[in-house]
Amino acid sequence: MNALLIYLVEVSICLAISLVIYRVLLSGLTFFSWNRSILLGLLFLSGLIPLLQFEFFGIGPEVSEIILPVFLVGDQDGAVGSSSLSWGQLLIRIYFIGAAFTASRLIFGFMISQRQIGKAQKNLL
């Protein structure tokens, strides 16, 4: 679960960097087909880059993990609650709620624009 949260944060960072690159370098250009293809490429790369693993100076992604024993102190009748959410699960749910809200706003805006296009009248000269 934590790996998914880390991946989503890394993708969000890559998307933010891509947006800055687009705004600084490409937003003033009038080559709309090029801009569209570059934006789609940046979107694809933003999802792909966090999946890559790099090694710098012999330091790789391998990290040794030490598991310590669990010591329970005191009354253990109600110590462990199985229905509680961890912080990682809560953050992932908040992230997906935000993504669903943004997607619904996008779809709703698209539907409104299509309705306005359908109501528009052609002006004949």
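What you see is a predicted model; the values in this text were computed from it and never measured.
The minimum heavy-atom distance between C14 and I49, with the atom names listed, is SG-CG2, 4.0 Å.
Placement of L5 and I97 in two distinct hydrophobic clusters is found when ILVMFWY residues are connected by side-chain heavy-atom separations under 4.5 Å, directly or transitively. Under the 4.5 Å side-chain heavy-atom criterion for ILVMFWY residues, no single connected hydrophobic cluster contains both F101 and F108. In this structure, L106 is not a member of the same hydrophobic cluster as L39, with clusters built from ILVMFWY side-chain heavy atoms closer than 4.5 Å. A chain of hydrophobic side-chain contacts below 4.5 Å, direct or via other Ile, Leu, Val, Met, Phe, Trp or Tyr residues, connects V20 to L42. Note: the hydrophobic cluster containing L40 does not contain I21 (ILVMFWY, side chain heavy atoms under 4.5 Å, direct or indirect links).
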In a table with atom names and distances, give each donor-acceptor pair under 3.5 Å that connects a side chain of residues 109-118 to protein atoms at least two apart or in another chain.
| residue | atom | partner | partner atom | Å |
| --- | --- | --- | --- | --- |
| S113 | OG | G109 | O | 3.4 |
| S113 | OG | F110 | O | 2.8 |

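Atom CD of residue E10 and atom CG of residue L52 lie 10.5 Å apart, to the nearest 0.5 angstrom. Once rounded to the nearest 0.5 Å, the distance linking CD1 of I92 with CG of L8 reads 6.5 Å.
The residue from L19, I13, L15 that alone fulfils the side chain to side chain contact (heavy atoms under 4.5 Å, CB included) condition with S46 is L15.
Side-chain atoms of L51 and Y7, non-hydrogen and from C-beta on, do get closer than 4.5 Å to each other. In this structure, the side chains of Y22 and N35 come closer than 4.5 Å at one or more pairs of heavy atoms.
Between the side chain of Y95 and the main chain of L90, no donor-acceptor pair closer than 3.5 Å is present.
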